[in-house]
Amino acid sequence: MNQKYVTPARDKDTFTCPHCHTLSLMKFSWHRHDEDNQFVAQRGFYNEYLNELFIARCVNCGKKIIWINDDYIYPDIVAEEPNADMPESVKQLYNEAGTIYNKSPRAACALLRLAIDRLCNELGETDRDINKNIGILVKKGLPQAVQQALDVVRVVGNKAVHPGVISFDVDDKGTATMLMHLLNIITERMITEPKEIESLYEGLPETVKESITKRDK
């Protein structure tokens, strides 16, 4: 990712615009319901009211981002942009999850778990047990901490839920954003970094590459 991604938040003056995807300055205004339930425009000092509308306007593209009270409303955003090297089949699931994680975290987490399984397949690991696939990737260079993090969010193994009982305490927005971050880490370590190293090697003079080949025989 070429530019640092900053998640939109109503208490930040600068963040990544979900419209133009640029790290941009934001101009804020906010509006509140008065005692007669009428919207009254307000700027400046923040007070607590029953209902408030926060509007950020991107200085770069001019489009608006909206919160009602503490809830992000518009537009749909991905918590973290996907790594450019993420396989397309994985990226499609990632982006779909990113557009719904605010509205349906459980559905987003299900898509992201499927994306992790598919990423393992794209990396050549085809065991039906995702836990085994991740373990093999660790042996190939994926940090063990990533496997431990996936265990924490119960991506691998049994989610320890009784048959017929849905677990509501795991699949929240925090889990969804963590899974997106972990997908980017796996892509970075297993795809981006090897590609960059290969590019550096290919850029070496032929005489140097020949010397390296002879040395490694």
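Along the sequence shown, residues carry numbers from 1. Please read all numbers here as calculations on a predicted model, not as lab measurements.
- Ser89 has its side chain within reach of Glu122: a pair of non-hydrogen atoms, C-beta onward, lies under 4.5 Å apart.
- Nearest heavy atom pair, residue Trp30 against residue Glu52, reads CZ3-OE2, 3.2 Å.
- Using cut-offs of 30° and 60° for the angle between ring planes, the His19 and Tyr74 rings count as tilted.
- A distance-only check finds a donor-acceptor pair linking the side chain of Thr16 to the backbone of Val6 [under 3.5 Å].
- Scanning all heavy atoms of the two residues, the minimum distance from Cys58 to Cys61 falls at SG-N, 3.4 Å.
- For Asp127 (side chain) and Asp129 (main-chain N/O), a donor-acceptor pair under 3.5 Å exists by modelled atom type.
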Go through Leu137 and Cys120 one step at a time and tell me if the side-chain contact (heavy atoms from CB on, under 4.5 Å) criterion holds.
CA-CA 8 Å; Leu137 292 179; Cys120 289; 4.0 Å; yes
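- We find the SG-CG distance between Cys17 and Leu23 to be 10.5 Å, quoted to the nearest 0.5 Å.
- Heavy-atom neighbours of Glu193 CD from other residues, nucleotides or ligands within 6.0 Å: above the threshold of 12.
- Note on Leu93 and Met178: separate hydrophobic clusters, where clusters join Ile, Leu, Val, Met, Phe, Trp and Tyr whose side-chain heavy atoms are under 4.5 Å apart, directly or indirectly.
- By the neighbour-count criterion of 12 heavy atoms within 6.0 Å, atom NZ of Lys12 is densely surrounded, having more than that number from other residues, nucleotides or ligands.
- Looking at every heavy atom in both residues, Gly98 comes nearest to Met180 through CA-SD, 4.3 Å.
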Mind running side-chain contact (heavy atoms from CB on, under 4.5 Å) on Lys140 and Ile136 for me, showing each step along the way?
CA-CA 6 Å; Lys140 292 182 176 180; Ile136 294 172; 3.9 Å; yes
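- Linking Ile, Leu, Val, Met, Phe, Trp and Tyr whenever their side-chain heavy atoms come within less than 4.5 Å leaves Tyr101 and Leu114 in two separate clusters.
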Test log, rule side-chain contact (heavy atoms from CB on, under 4.5 Å), inputs Asn184 and Tyr94
CA-CA 10 Å; Asn184 275 325; Tyr94 183 105; 3.1 Å; yes
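- Taking a cutoff of 4.0 Å between a charged side-chain nitrogen and a carboxylate oxygen, Asp70 and Arg10 qualify as a salt bridge.
- The side-chain heavy atoms of Leu179 and Cys109, taken from C-beta on, include a pair separated by under 4.5 Å.
- The shortest heavy-atom contact between Pro82 and Asn95 is CG-OD1, 3.6 Å.
- Grouping the Ile, Leu, Val, Met, Phe, Trp and Tyr side chains by contacts below 4.5 angstrom, directly or via other members, places Ile116 with Ile185.
- Proximity of a side-chain donor or acceptor of Ser104 to a complementary backbone N or O of Ile100 within less than 3.5 Å is not detected.
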When you look at Thr192 and Asp85, which way does the side chain to side chain donor-acceptor pair (under 3.5 Å) test go after all the steps?
CA-CA 6 Å; Thr192 303; Asp85 293 321; 2.7 Å; yes
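- In this structure the side chain of Pro143 reaches within 4.5 angstrom of the side chain of Val146, judged on heavy atoms.
- Rounded to the nearest 0.5 angstrom, Asn131 CG and Asn133 CG are separated by 9.0 Å.
- Residues Arg57 and Gly62 share a closest heavy-atom pair of CG-O, 3.4 Å.
- Remark: Asp13 CG to Phe28 CZ distance equals 7.5 Å, nearest 0.5 Å.
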I would like to know whether Arg106 and Asp172 meet salt bridge (charged side-chain N to carboxylate O under 4.0 Å, His left out); could you show each step before the answer?
CA-CA 6 Å; Arg106 288 175 57 235; Asp172 55 12; over 6 Å; no
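- Linking Ile, Leu, Val, Met, Phe, Trp and Tyr residues whenever their side-chain heavy atoms come within less than 4.5 Å places Ile186 and Ile191 in a single cluster.
- Residues Pro8 and Tyr72 come closest through the heavy atom pair CB-CE1, 4.3 Å.
- The CD1 atom of Ile66 sits 8.5 Å away from atom CD1 of Ile73, with the distance rounded to the nearest 0.5 Å.
- The closest side-chain donor-acceptor pair between Thr126 and Asn121, if any, does not fall under 3.5 angstrom.
- At a threshold of 4.5 Å between non-hydrogen side-chain atoms, the residues Glu198 and Leu200 do not count as touching.
- Dense packing is recorded around CE of Met26, with more than 12 heavy atoms of other residues, nucleotides or ligands lying under 6.0 Å away.
- If you chain together hydrophobic residues whose side chains sit under 4.5 Å apart, Leu111 and Leu182 never meet in one group.
- Note: Arg189 CZ to Asn83 CG = 13.0 Å, rounded to the nearest 0.5 Å.
- Note that CG of Leu183 and CD of Glu80 are 9.5 Å apart. Values are rounded to the nearest 0.5 Å.
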Assess the residue pair Glu125 and Lys132 against the criterion (salt bridge (charged side-chain N to carboxylate O under 4.0 Å, His left out)); give the C-alpha distance rounded to whole Å, side-chain angles, the decisive distance to 0.1 Å, and a yes or no.
CA-CA 9 Å; Glu125 309 310 325; Lys132 291 181 181 178; over 6 Å; no
